[in-house]
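See structure below.
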Amino acid sequence: MDEYDALEAFKALGLSATTLKALERKGFTEPTDIQRECIPLLLGRNVDVVGQAQTGTGKTAAFALPILEKLDVEDRSTQALVLAPTRELAMQVADEISSLKGERKISVEAIYGGSSYETQFKKLKKGIQIVVGTPGRIQDHLERGTLDLTHLKFAVLDEADEMLDMGFVEDIEKILSQTNEDKRMLFFSATMPDPILALAVKFMKEYEIVRIKKGEVDTSLTEQYFVALRESDKMEVLTRIIDSCSQFYAIVFCKTKVQCEEIGRKLGEKGYPAEALHGDLSQKQREIILQKMRDHKIGILVATDVAARGIDISELTHVINYTIPGDPEVYTHRIGRTGRAGRTGVAITFVTPSEKRKFAFIKRINKSEIEPYRVPTVADLIQAKKDRMADAVASQMDKLDDAYDDIASTLLSSYESDLLVKALLQLKWPHELERERYNDIRAIEAKEERRGRRERYERPWHDDETEDKDGITRLFFARGRNSHLTKRKLADLIIDACNVRDGDLQDIQVMEDFSFINVPSHLAGRIISTFKDYGEDGKPLVTRARAEQDGRKKKRNDAGRRQVKASFSRRRERHAQWEEGVRFYGRDSYDDYIPSRSASKGRKKEHGKYNTKKRK
Ligand code: ADP
Ligand code: MG
């Protein structure tokens, strides 16, 4: 084993030669703290583990390496389940595990919403030993009987805090209740809020907590501000912030990949040097964008927390929280990226009425004050631009070139000097002083705030006219075929952005200019708020369908189509079938439609065996 001397520290943790070889290929030389603690613990005693360490500290390998060592290569059943909050993370974790398995013939797959059931089903049938999945899709497979979790050696909740944050507790509990008792449970998380410990108490037998204290993030050089605004005004406020600064070299943090792309694109269209950085980019694309940023070829990265992790770009002048993080630690992390190496930085957090609670929480935990930010007025911006023009002209005075002497005196002899200067400025900055670049920003009134709060914390869909008694809400989507939408694309978009399940989306209709979709009412709020800022002209992209829109639908659409006839009672009937397990996808294609009525009945009985005391 001399050939792995370089990996001495890993070897000392008890890892096998096969693993060391994989680590060498991967270029890991030293274990991280969480790996140093967790690997021997998991290889050794038969305990459950709750592991906490900062993002980017290699938690995946901390659980994946021991799992890989412990799996039975010969046994094709699913021996490890890793639950991850998003499709991006699931893919990332599956890739990391695959690259760590080395020469072992162990199958690892990511199972997530938005990709074909058929393909996943085929793979599952062949036997996937390590399944990495999002809770929604895993539950779908459990319901269809296409996944058996009763031979697990390990069940892992990765990014557990994020999963709880996204409201997956019930899903997780349901999934765990269908697994065998004698597995080991592992929770990994960047933070350790109480609900995770509560979950540990509920699902773990004997367990150990491994906490790695993080290096403190220094935010003392960061000036912190917030802007209370409406979702629909965020873009305007962002562009005003950028325009008011003589230097803007920043990360704009968003919540979702879709949002990142949208904002990156919008900024680009407005002429700002911005790029979106998210988990769907290949490693190569990601590197290219980061290099452009380091070379100052672009000055704005629009990123999700996940995509931004591990990237080290110094000298950022600003961090913009386009969407507020749910977790104060994430906030500190984000803003700690500016205000480094003796330079001050500015962090500005956008807060919509519905995010007031989150913001209050951050303010309470945060060590320094977060001051209100005064959004520059159009007059401010024009003045700032004029000042910058004057500065630019002044600094050019040091670099004057004699080659321009003749033409300068010719022009001066032909024109009044003030007209001449004006003409030159206009030539150089033809659109800079246009007021039309800016839109009005509506002030947030008290009433608006109340409404926002209600939307977030009550159940606003109760008095909604498009909700029928079975708890289905019809949503209106302000895009249609002319935006190149298809049913499939629309469904994938929603599944991706909102982490809902395939089966949640029913009766999708894509019309010329807009679309409709039925969702369980308890998800309507989540979907509407996720797409809140994607609309145009201040109009939201997704709303609850109004009766008049439905009327229009009936008139315009082909009366022969099944979905069109979806009257109230028909929808109710369909919902009843849906409950039974027969799903109507209302999709363009039915290839991944597996009739599961009989399967589900059979399975229910079977499940009875495993649903022992863990069901509450
Ligand atoms: P976390 O889940 O804690 O946020 P990840 O497991 O995603 O972190 O790891 C972050 C990155 O660090 C990955 O690219 C991973 O390959 C890399 N990494 C993990 N452990 C090591 C190590 N011991 N040495 C070098 N790189 C590592
Ligand atoms: Mg992780």
Side-chain angles (χ1 to χ4, degrees), residues 22 60 63-64 67-68 70-158 171-172 174-176 178-180 183 279-280 282 488 491-492 495-496 499-505 581 583 585 587-596 598-600 602-603 606-607 610:
T60 316
F63 63 78
I67 288 178
L68 286 165
K70 293 269 179 186
L71 289 202
D72 178 356
V73 182
E74 303 300 318
D75 179 359
R76 302 306 297 175
S77 54
T78 300
Q79 299 173 59
L81 169 73
V82 181
L83 291 174
T86 64
R87 158 190 174 148
E88 279 138 58
L89 282 167
M91 291 195 290
Q92 202 173 304
V93 169
D95 285 348
E96 181 84 354
I97 299 178
S98 292
S99 71
L100 291 169
K101 72 180 184 181
E103 286 161 355
R104 291 184 188 90
K105 291 214 159 31
I106 287 182
S107 48
V108 185
E109 287 289 343
I111 298 285
Y112 46 78
S115 88
S116 143
Y117 274 103
E118 188 74 352
T119 322
Q120 293 180 353
F121 177 59
K122 276 189 199 141
K123 285 182 178 160
L124 284 166
K125 222 165 129 188
K126 270 205 264 166
I128 303 178
Q129 287 152 304
I130 304 182
V131 169
V132 185
T134 50
R137 183 54 73 103
I138 294 294
Q139 234 180 297
D140 281 339
H141 278 291
L142 284 172
E143 276 168 25
R144 285 159 186 253
T146 44
L147 175 64
D148 177 4
L149 295 177
T150 60
H151 298 94
L152 291 183
K153 287 197 158 83
F154 293 93
V156 185
L157 300 192
D158 193 22
D171 290 340
I172 292 168
K174 264 195 209 141
I175 293 168
L176 291 179
Q178 297 182 50
T179 60
N180 49 306
K183 67 192 174 296
D280 263 11
S282 68
R488 177 101 231 172
D492 287 348
I495 289 167
D496 232 24
N499 277 290
V500 296
R501 302 160 60 183
D502 252 326
D504 290 332
L505 307 178
R583 291 156 188 272
Y585 279 83
R587 288 291 187 78
D588 287 340
S589 92
Y590 278 73
D591 10 347
D592 56 17
Y593 170 66
I594 303 170
S596 55
S598 57
S600 109
R603 207 155 24 84
E606 243 178 274
H607 280 161
Y610 322 118

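All figures in this text were calculated on a predicted structure; none of them were measured in a lab. Worth knowing before you read on, the calculation uses all heavy atoms, side chains too, and leaves out hydrogens, waters and symmetry mates. By convention here, the first residue in the shown sequence is residue 1.
- In this structure, Thr146 contributes its side chain and His141 its backbone to a donor-acceptor pair below 3.5 Å.
- Going from atom CD1 of Ile495 over to atom CZ of Arg137 covers 6.5 Å, rounded to the nearest 0.5 Å.
- Between Gln178 and Leu149, the closest side-chain pair of non-hydrogen atoms is not below 4.5 Å.
- Counting only distance, with no hydrogens or angles, the side chain of Asn180 and the backbone of Leu152 share a donor-acceptor pair below 3.5 Å.
- Under the 3.5 Å distance criterion, the side-chain polar atoms of Gln79 are matched with a main-chain donor or acceptor of Asp72.
- What you find for Ala90 and Val132 is that their closest heavy atoms are O-CG1, 3.5 Å.
- Considering only heavy atoms from C-beta on, Asp140 comes within 4.5 Å of Tyr117 through its side chain.
- Counting only distance, with no hydrogens or angles, the side chain of Thr78 and the backbone of Ile128 share a donor-acceptor pair below 3.5 Å.
- For the pair Leu89/Asp158, no side-chain contact is recorded, criterion being any heavy-atom separation below 4.5 Å from C-beta on.
- Taking each heavy atom of Gly113 and Arg87 in turn, the nearest pair found is O-NH1, 3.7 Å.
- Heavy-atom minimum distance, Ser99 versus Ala22: O-CB, 4.1 Å.
- Put simply, OH on Tyr112 and OG1 on Thr86 are 11.0 Å apart, with the number rounded to the nearest 0.5 Å.
- The side-chain heavy atoms of Asp148 and Ser77, taken from C-beta on, include no pair separated by under 4.5 Å.
- Under the salt bridge (charged side-chain N to carboxylate O under 4.0 Å, His left out) criterion, Lys70 pairs with no residue, sequence neighbours left out.
- Considering only heavy atoms from C-beta on, Leu124 comes within 4.5 Å of Val131 through its side chain.
- Separation of atoms CD (Gln139) and CD1 (Ile172) is listed at 10.0 Å; rounding is to 0.5 Å.
- Partners of Glu74 by salt bridge (charged side-chain N to carboxylate O under 4.0 Å, His left out), not counting sequence neighbours: none found.
- Between Ile67 and Ile97 there is no side-chain heavy-atom pair separated by less than 4.5 Å.
- In this structure, Arg144 forms no cation-pi arrangement with Phe121, as its terminal cationic atom is not both closer than 6.0 Å to the ring centre and no more than 45° off the ring axis.
- Across all non-hydrogen atoms, the minimal contact from Arg76 to Ser107 is NH2-OG, 3.5 Å.
- Looking at heavy atoms from C-beta onward, Val82 lies out of side-chain contact with Thr60 at the 4.5 angstrom threshold.
- In this view, Glu96 and Lys26 satisfy the salt bridge (charged side-chain N to carboxylate O under 4.0 Å, His left out) rule, not counting sequence neighbours.
- Between Gln129 atom CD and Arg104 atom CZ the span is 11.5 Å, to the nearest 0.5 Å.
- Using a 4.5 Å heavy-atom threshold, the side chains of Val93 and Val156 count as separate.
- Ile175 contributes atom CD1, which lies 5.0 Å from atom CG of Leu83 (distance to the nearest 0.5 angstrom).
- Not a single donor-acceptor pair under 3.5 Å links the side chain of Ser98 to the backbone N or O of Val108.
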